[in-house]
Each structure stands twice: as C-alpha cells, then as structure tokens.
Amino acid sequence: MVLGLAGQAEALARGETSSNELVEESLESIRRQESLGAFRVVRDEAARQEALDADKRLADGERLPLLGVPVAIKDDTDLAGETTPFAVAGDHRPAARDGEVARKLRAAGAVIVGKTTTCEIGLWPFSESPGYGVARNPWNPAYTPGGSSGGSAAAVASGMVAGAVGSDGAGSIRIPAAWTGLVGIKPQRGRVSGYPHTDPFNGITVWGPLARSVRDAALLLDVLTGSHPEDVYQIDPPVTPFAEFAKREPRRLRIAVSFRTAFGVSGKLDPEIRGAVERLARRLTDLGHKVFPADPDYGLVGLGLIPRGTAGVADWLDAMPNPRPEHRTQVEARIGRLAGKRLLPLAKRMDPYLRRKVGRIFQAADVVLTPTTAQPPLKVGAFDGAGYQKTQSGVAAVCPYAWTWNVLGWPGVNVPAGFTKAGLPVGAQLLGHDSDEATLISLAAQLEAVEGWVERRP
C-alpha cells in the first residue's frame with residue numbers, strides 16, 4: 001500500500017487496512033531490501049504484537065494521530081528493551097525506559113519497527129561505522145544516503161516506512177533528506193524534547209521528521225512537539241498544529257537566495273546543485289514570491305559550533321560503558337575535553353550577538369533559500385580509514401551550508417531540488433527565523449504541489 005503516514009492513519013481509521021497488514025508490509029520491505037543497511041535493529045516480534053494491539057484499539061473505536069502506523073527511529077534514541085549504541089562498539093545495556101521521542105510516538109499510537117543506522121555519535125554526513133555497518137542510498141547503493149540520520153532517510157526513501165525520526169546537530173536531518181529526495185525538518189531548538197538528554201550537544205541538536213511529503217513531515221512534527229520539564233530549552237507549543245500549515249497557501253513572501261558559506265568554511269559548490277537551487281528560485285518567483293539575492297552576515301558563527309559539538313561528543317562517549325570508538329571519534333572527544341568544555345560558556349554567551357547579526361537578514365526577507373549541501377551524495381566508504389583531520393576538513397567542504405542554523409537554533413526544512421545527471425537527488429533548504437516552522441512548512445507544501453516530488457521513487 002503506497003500511502004504516506006497521514007494516508008495510512010486515515011485508512012486505518014476507516015477500516016480499509018489493518019495495522020497488522022501495514023506492519024507486515026513494512027517488515028517484508030525491510031527484509032527484501034536488507035542490503036541497504038537502513039536498520040541497526042528490527043523489532044519483528046514486538047512490532048507484530050504492537051500491531052495486533054493497535055488493531056484491537058482501532059476496533060474498539062480509539063483514534064490517535066498514528067494509531068497502528070509503522071515508523072522508525074534513529075539509533076541515538078532510547079527505546080525500552082533495546083540498546084542505544086549510537087554506532088559505537090561497547091558494552092551497551094538495554095534502555096530501561098523510552099526516551100521522550102519514543103514515548104511520544106507510542107503515545108500517538110505508532111508502531112516502532114526498528115532503530116536505524118547512523119555513524120559514531122552522529123559526527124559525519126554518512127551513516128557508516130565499523131561496529132554497526134553501512135547504510136546505502138536507495139537511488140544508487142554505491143552512494144551514501146547521508147548522515148548522520150542516513151538509515152532513517154534510506155528507510156523512508158526506499159518505502160520501508162512512510163516516516164522516520166532523525167536528529168540534526170549540524171545538518172544531520174537535512175543532508176540525508178537532500179541526498180535521498182525527502183522532506184526533512186530541523187525544528188526550532190526546544191521544540192522537540194530529546195529527554196533524557198536535557199541539553200543535547202549543548203543546544204545544537206534537535207530531533208525531527210523525515211518523510212516523502214510535507215504533510216507527513218508536519219504530522220510527525222506535531223506528534224513529536226513538546227518539552228520535558230527538565231529540558232534546558234523550552235518553548236510554548238504552537239497554537240495551530242503544523243499539519244494545518246501544510247494545507248495553507250503562504251502569503252507572498254520575501255525570499256533571499258544565498259550561496260555564501262560562513263567564514264572559515266571552504267566549500268566548492270557543484271554547478272548542478274547551484275543550477276537546481278536557481279531553478280527552485282525561479283519556481284518561487286513564478287508562485288508570486290519576491291525572490292532576490294542576499295546573504296546572511298554569519299560573522300564568527302563557527303565559534304558557536306565547535307565547543308558545543310566537541311564537548312557533546314565527549315559527554316556522550318564518557319557516558320557509555322566501555323566504549324570502543326574509531327580513532328577519529330576519540331580525537332573529537334579529546335578536543336571536547338581539553339578545549340570544547342572550557343570554551344562552552346563563551347559559545348553560549350555568543351548566542352544573542354550571533355542571532356542579532358545573522359537575524360538582520362530577516363529585516364529584508366522572510367525566508368532564506370540556500371543549497372543544503374555543496375556536493376551530491378558521497379560514495380560509500382569515501383572516508384574509510386581517513387584520519388580525523390582529513391575527515392573533518394573533507395566533510396566540512398561537502399556540507400558547509402546546514403550547520404549555521406544549528407548554532408542559531410532556528411528552524412530549517414530541506415526540500416527536494418531535483419537530480420544530478422547521474423540520477424542522484426540533491427536538495428535546497430528553506431531557513432526561517434526564530435520559531436517560524438509554520439512559514440517554512442506552508443512554503444514547502446506550496447512548492448511540493450508544483451514540483452511533484454512525492455511521486456518520485458527509487
């Protein structure tokens with residue numbers, strides 16, 4: 001059954017299918033495409049039992065947003081009874097209880113069929129690790145689906161599930177969405193709780209949806225939205241559900257098109273990606289928006305990223321029982337312990353200044369349109385055996401566009417922008433001001449209606 005999350009939920013509510021059927025289809029698709037490596041663990045028996053329970057609840061008249069719908073979560077998310085290795089070999093113990101992401105999915109009735117493949121501690125824009133295997137791109141398995149939420153992206157793009165959750169600390173939802181032809185939403189900081197992580201990666205990481213359509217991504221974001229009382233960053237829930245904005249035409253918007261990268265970040269933009277973003281800009285003009293070239297003033301925004309990221313890796317690794325990470329992960333953690341943690345207070349104190357500086361673009365624009373990545377998908381194994389410096393500089397050049405918005409904490413949405421001549425998907429990102437996911441969702445849905453990317457499948 002080729003239906004999205006919303007379509008599956010509606011079909012279940014009308015009695016046109018059963019959760020048992022949908023979950024069996026999902027599990028069969030996972031088995032059939034096992035070579036893509038999308039899942040680190042598949043919950044065959046548990047998912048089947050949860051599907052039977054969902055069918056009974058549906059028959060009894062219960063209705064929830066995702067009751068009986070199969071979904072996947074990234075392997076950085078606690079799920080009771082399963083380990084959370086985050087791709088690092090070690091003596092991991094099963095989680096005693098669900099993390100907030102899994103709890104909210106279950107509260108909405110979803111059936112979690114498994115946990116998806118990632119890279120060690122989410123460090124890279126590929127989803128490969130020595131201990132837990134390789135995720136491959138459904139459009140061409142010789143290439144990566146991106147990272148670090150690449151397994152989630154591969155699972156959705158291949159049709160194993162209609163929606164999955166990823167996390168984004170420097171583009172880790174938007175990059176794999178771009179490289180697999182999906183919609184990926186990085187929400188506002190504080191929108192979605194990562195509890196038991198109350199300040200994930202010191203404020204740069206957020207969890208969010210990957211889906212084929214804006215409607216499904218918005219529905220999944222609604223399910224995930226909400227703070228835990230212990231979260232460092234908390235924001236009020238939206239008055240109107242995000243799924244409603246996926247049905248609304250946006251007003252006439254001012255859209256700034258930018259190809260500039262932040263200071264100190266080199267990244268040669270692939271001409272096919274530039275052409276794809278320029279084509280979308282023309283499409284937005286045709287839709288009635290005012291589209292013009294203008295660049296955010298990023299200043300020294302990188303100083304807000306490096307301490308947070310390196311200290312976050314150190315914290316995550318130090319909390320693991322007997323971890324055995326790759327050398328390049330150890331180097332990142334060492335930098336975090338020696339320098340990142342010392343510079344962390346300064347990085348956080350810079351937030352108001354950076355938001356004012358970069359936020360000046362929103363005096364002239366409502367949305368900023370940029371490439372999501374500078375290059376098309378990498379080959380699988382492109383950085384196998386590479387040391388820390390080579391990997392870090394290499395991936396920074398490939399993906400220089402996404403991470404700035406993690407420092408600022410503002411929302412961003414990847415939208416499919418087309419394909420390279422080699423048939424690989426590329427993406428563009430719509431970047432918004434503080435807590436303005438609604439505008440981005442409406443604009444993305446308007447683009448989807450004329451671009452028709454929902455029908456494009458590997």
Side-chain angles (χ1 to χ4, degrees), residues 125 137-140 143 145-146 153 157 171 173-186 210-215 217 246 249-261 267-296 361 364-378 398-402 404-405 412-432 439-458:
N137 197 318
W139 292 93
N140 185 333
Y143 290 84
I173 287 171
R174 289 161 289 156
I175 292 163
W179 285 353
T180 58
L182 300 177
V183 176
I185 301 178
K186 181 199 94 67
L210 288 141
R212 197 176 295 280
S213 73
V214 177
R215 179 192 187 201
E249 287 273 311
R251 68 186 190 280
R252 183 174 185 265
L253 297 170
R254 303 165 301 163
I255 302 172
V257 184
S258 175
F259 296 102
R260 177 191 284 179
T261 57
K268 188 174 187 301
L269 179 60
D270 183 277
E272 288 191 277
I273 293 179
R274 176 183 279 273
V277 175
E278 289 172 342
R279 185 190 65 79
L280 277 190
R282 291 192 295 273
R283 176 75 90 175
L284 290 164
T285 300
D286 293 342
L287 287 168
H289 302 292
K290 181 185 177 184
V291 182
F292 54 94
D295 296 316
I361 190 71
D366 303 299
V367 173
V368 179
L369 171 69
T370 82
T372 303
T373 67
Q375 297 292 316
L378 297 164
V398 172
C399 299
Y401 287 103
T404 52
W405 247 243
V413 176
N414 176 78
V415 293
F419 296 84
T420 66
K421 290 187 179 73
L424 295 169
V426 295
Q429 53 178 352
L430 306 172
L431 301 173
T439 296
L440 303 182
I441 287 168
S442 287
L443 182 59
Q446 186 186 41
L447 260 180
E448 177 182 288
V450 293
E451 286 283 298
W453 62 63
V454 176
E455 305 310 316
R456 300 177 198 150
R457 298 170 189 272

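Taking CD of Gln375 as the reference point, atom CG of Asp270 lies at 5.0 Å (rounded to 0.5 Å). Between the CG atom of Leu447 and the CG atom of Leu287 there is a distance of 6.5 Å, given to the nearest 0.5 Å. Gln446 CD to Glu451 CD: the interatomic distance, rounded to the nearest 0.5 Å, is 11.5 Å. To the nearest 0.5 Å, atoms OG1 (Thr180) and CD1 (Ile175) are separated by 11.5 Å.
By the side-chain contact (heavy atoms from CB on, under 4.5 Å) test, Glu278 is found to be paired with Phe259, Arg274, Arg282, residues two or more places apart in sequence or in another chain being considered. Residues meeting the salt bridge (Lys or Arg N to Asp or Glu O under 4.0 Å) test with Arg254, sequence neighbours left out: Asp366. Every residue meeting the side-chain hydrogen bond (donor to acceptor under 3.5 Å, both in side chains) condition with Thr439, not counting sequence neighbours, appears here in chain and number order: Asp436. Considering only residues two or more places apart in sequence or on other chains, Ala217 meets the side-chain contact (heavy atoms from CB on, under 4.5 Å) condition with Val183, Ile185, Pro209, Ala211. With sequence neighbours excluded, no residue forms a side-chain hydrogen bond (donor to acceptor under 3.5 Å, both in side chains) with Asn137.
When all heavy atoms of Pro458 and Ala157 are compared, the closest pair comes out as CD-O, 3.2 Å. Taking both residues in full, the closest heavy atoms of Ala177 and Leu210 are given as CB-CD2, 3.7 Å, listed atom of the first, atom of the second, then distance. Among all heavy-atom pairs drawn from Gly288 and Arg252, the shortest one is O-NE, 2.8 Å. Looking at every heavy atom in both residues, Val214 comes nearest to Ile441 through CG1-O, 3.5 Å. Shown here for His289 and Pro250, the closest heavy-atom pair between the two residues is CE1-CG, 4.0 Å. Contact record, Ile273 with Pro376: CD1-N, 3.6 Å, taken as the closest heavy-atom pair.
Side-chain contact between Arg215 and Glu448: absent, with no pair of heavy atoms (C-beta onward) separated by less than 4.5 Å. Inter-residue side-chain proximity for Ile255 and Leu443 is flagged as met; some heavy-atom pair is nearer than 4.5 Å. Looking only at side-chain heavy atoms (C-beta outward), Pro296 and Val368 come within less than 4.5 Å of each other.
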Report, one line per pair, each donor and acceptor closer than 3.5 Å where one atom sits in a side chain of residues 421-431; sequence neighbours left out.
from, atom 1, to, atom 2, distance (Å)
Gln429, OE1, Arg174, NH1, 2.9
Gln429, NE2, Thr370, OG1, 3.0
Gln429, NE2, Pro371, O, 3.4
Gln429, NE2, Tyr401, O, 3.0

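For Tyr143 and Trp179, the ring centers are positioned 6.0 Å apart or more.
The closest donor-acceptor contact from the side chain of Asn414 to the backbone of Leu182 lies under 3.5 Å.
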